[in-house]
Protein chains: 2
Amino acid sequence: MPKVSDAHRRARREEILAAALRAFTAKGYQRTSMADVLAESGLSTGAIYAHFAGGKRELFVAVARTTLLRRNEELVAASSGVEPPSPGEILRIVLGGVLRDGIEPRILLQLWSEATIEPEILEMVHEAIGVVRTSFRAALERWFVQHPEYAPDGPEAAAERILPVLLGLGQGFMVQHSLFDGFDAEAYLDAATAVLPS
Amino acid sequence: MPKVSDAHRRARREEILAAALRAFTAKGYQRTSMADVLAESGLSTGAIYAHFAGGKRELFVAVARTTLLRRNEELVAASSGVEPPSPGEILRIVLGGVLRDGIEPRILLQLWSEATIEPEILEMVHEAIGVVRTSFRAALERWFVQHPEYAPDGPEAAAERILPVLLGLGQGFMVQHSLFDGFDAEAYLDAATAVLPS
DNA sequence: GTCTATATCTGGATAGAC
DNA sequence: GTCTATCCAGATATAGAC
């Protein structure tokens, strides 16, 4: 296989996905037309369908999947230190990236909404959330091992129990960050950290 | 004004809104066509546009607004007792109704997603969430007044601080209830109650 | 007020030239 | 691989009869 062609292909795909992300974020999945993605990318119909035969849906799935898993990468990268982060710190690490570029939460709300309707998209969410859950669980367990006073029935059970709450706090953060005018991210994280064990 | 005509009008509007709710819940706002609402209601184009000139958007705003505020009504109704509910109990009260008919969270996810894109819908969300927030704040304050050990700087400040966390836990509940297979609502509420002051 | 019929528009996806 | 031109399906909203 020709090396150049392959690299080119990857680059084009990334280029198209970046354009799709911008378009979806601006107008939402459903309202975004292929024409919008075309305009954003500077390419033409044929060019895009050559790379993504699945059309709009495939573009969205690819973009949303990457976005979901990026949250996970930050957790994995940050929690490999010697001192395991506390639940509150885990939340802060994961949501820290969201604050840097404020576009992510919006596409996640789009994603959740779509997943409610489209089985194919729901399936992708399940798969990606499984990865995220595994990372969270592992990070929590490591902390509970060092703080057995909060885990009377063992670190695994404690981690499993608090996991949905931690995810829920993250999801609530996304919603409020996207919808509430003047949302105070720091205050939210402080209050969340205050209720979580530490 | 003719009494009968007015009652009839109201009844028709309710009928149409109920049909719209079913349609939006099944297919999502964007994918729902007027034809879907027509089929669901058994009426015809002219009949619906006579009552809702604003078309699909007006129907969605009306339906979503009602859904949002219904959460609030349950809190108001339940928290008027002598003993103010704790934060965990407040969450349980508000989310209790969601469990009875599992359709609400789905339309709320749709709503949040739409609010991200459409200013008119965002405005409605702001207004409705303002009402909800006021109820939550009042209920929390009443509890903190009776439990000053959790409110070193006064019940108002404590209520204001924990309010976003409580909302976030509720929003996270909606997301997980809609998307996660085998979501354990009781376990979620138990874990949330465990971290909240009581 | 309500129905049927339809005008008008938009969007996704394909065909075929280069 | 990419571009241009286009087909066709589906959707909103209106017009006019009853």
Side-chain angles (χ1 to χ4, degrees), chain A residues 1-64 110 114 117-118 120-121, chain B residues 1-64 110 114 117-118 120-121:
Chain A
M1 278 294 169
K3 225 186 260 180
V4 205
S5 170
D6 201 53
H8 212 76
R9 184 178 175 78
R10 276 174 191 278
R12 254 288 186 273
R13 282 181 61 99
E14 288 306 317
E15 191 185 335
I16 293 171
L17 286 179
L21 172 60
R22 288 194 296 276
F24 288 141
T25 304
K27 301 189 64 174
Y29 172 56
Q30 295 281 357
R31 308 181 104 79
T32 299
S33 67
M34 278 295 146
D36 294 324
V37 179
L38 301 185
E40 195 70 48
S41 70
L43 297 174
S44 63
T45 330
I48 290 198
Y49 276 90
H51 289 275
F52 295 91
K56 203 167 81 158
R57 166 117 29 117
E58 185 181 348
L59 287 174
F60 183 69
V61 170
V63 161
Q110 299 288 325
E114 277 309 305
I117 306 301
E118 299 246 1
E120 185 186 328
I121 291 181
Chain B
M1 278 295 168
K3 226 185 256 179
V4 205
S5 169
D6 202 52
H8 211 78
R9 185 177 174 76
R10 275 173 193 279
R12 253 289 186 274
R13 281 180 62 99
E14 288 307 316
E15 192 185 333
I16 293 171
L17 286 178
L21 172 61
R22 288 193 297 275
F24 288 142
T25 305
K27 302 188 62 173
Y29 172 55
Q30 296 282 356
R31 307 180 107 79
T32 299
S33 68
M34 278 296 145
D36 294 323
V37 179
L38 302 184
E40 195 71 43
S41 70
L43 297 173
S44 63
T45 330
I48 290 197
Y49 277 92
H51 289 275
F52 295 90
K56 203 167 79 157
R57 165 117 30 120
E58 185 182 348
L59 286 174
F60 183 69
V61 169
V63 160
Q110 298 287 325
E114 277 308 304
I117 306 300
E118 298 246 359
E120 184 186 330
I121 292 181

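Just so we're on the same page: letters track the sequence lines, and every chain starts at 1. All values derive from a computational prediction rather than experimental measurement.
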Classify B/Ser33 by what it touches in the nucleic acid, base, sugar-phosphate, or nothing, heavy-atom distance under 4.0 Å. sugar-phosphate
Is there side-chain contact between [X] and [Y], with at least one heavy-atom pair below 4.5 Å?
X	Y	value
A/Leu17	A/Leu59	yes
A/Tyr49	A/Met34	yes
B/Arg12	B/Arg9	no
A/Gln110	A/Gln30	no

Counterpart residues, side chain to side chain donor-acceptor pair (under 3.5 Å), relative to B/Glu58 (two or more places apart):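 Partners of B/Glu58 by the side chain to side chain donor-acceptor pair (under 3.5 Å) criterion come out as none, since no residue qualifies.
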Kindly write out the residues that satisfy side chain to side chain donor-acceptor pair (under 3.5 Å) with B/Arg13, not counting sequence neighbours, or none if the list is empty.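 Testing B/Arg13 for side chain to side chain donor-acceptor pair (under 3.5 Å), a comparison that skips the adjacent residues, returns none.
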Just to verify, what does A/Ser44 make a side chain to side chain contact (heavy atoms under 4.5 Å, CB included) with, not counting sequence neighbours? A/Ala47
With sequence neighbours excluded, residues passing side chain to side chain contact (heavy atoms under 4.5 Å, CB included) with A/Glu118: A/Arg57, A/Glu114, A/Ile121, B/Arg31
Could you check how far [atom1] of [X] sits from [atom2] of [N], rounded to whole Å?
X	N	atom1	atom2	value
A/Ile48	C/dG11	CD1	C1'	14 Å
A/Tyr29	C/dG11	OH	P	14 Å
B/Leu38	D/dG10	CG	P	16 Å
A/Tyr49	D/dT4	OH	C1'	15 Å
B/Met34	D/dA13	CE	P	6 Å
A/Gln30	C/dT10	CD	C1'	14 Å
A/Phe52	C/dG12	CZ	P	16 Å

Atom pairs, protein N/O to nucleotides 16-18 of chain C N/O, distance under 3.5 Å:
none

Within the pair A/His51 and D/dT2, is there a side-chain N or O less than 4.0 Å away from OP1 or OP2? yes
Kindly point out which of [options] is positioned nearest to the side chain of [X]?
X	options	result
A/Ser44	C/dG1, D/dC3, C/dC3	D/dC3
A/Leu43	D/dC3, C/dT2, D/dG1	D/dC3
B/Arg9	D/dC3, C/dG1, C/dT2	C/dG1

Hey, which sits more toward the 5' end of DNA chain C by its nearest nucleotide, A/Thr45 or A/Arg31? A/Arg31
Hey, can you pull the residues of residues 53-61 of chain B with a non-hydrogen atom under 4.0 angstrom from DNA chain D? B/Gly55, B/Lys56
With distance as the sole test, does A/Lys56 use its side chain to make a donor-acceptor pair with the main-chain N or O of A/Val37 at under 3.5 Å?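 Pair absent, no side-chain N/O of A/Lys56 close to backbone of A/Val37.
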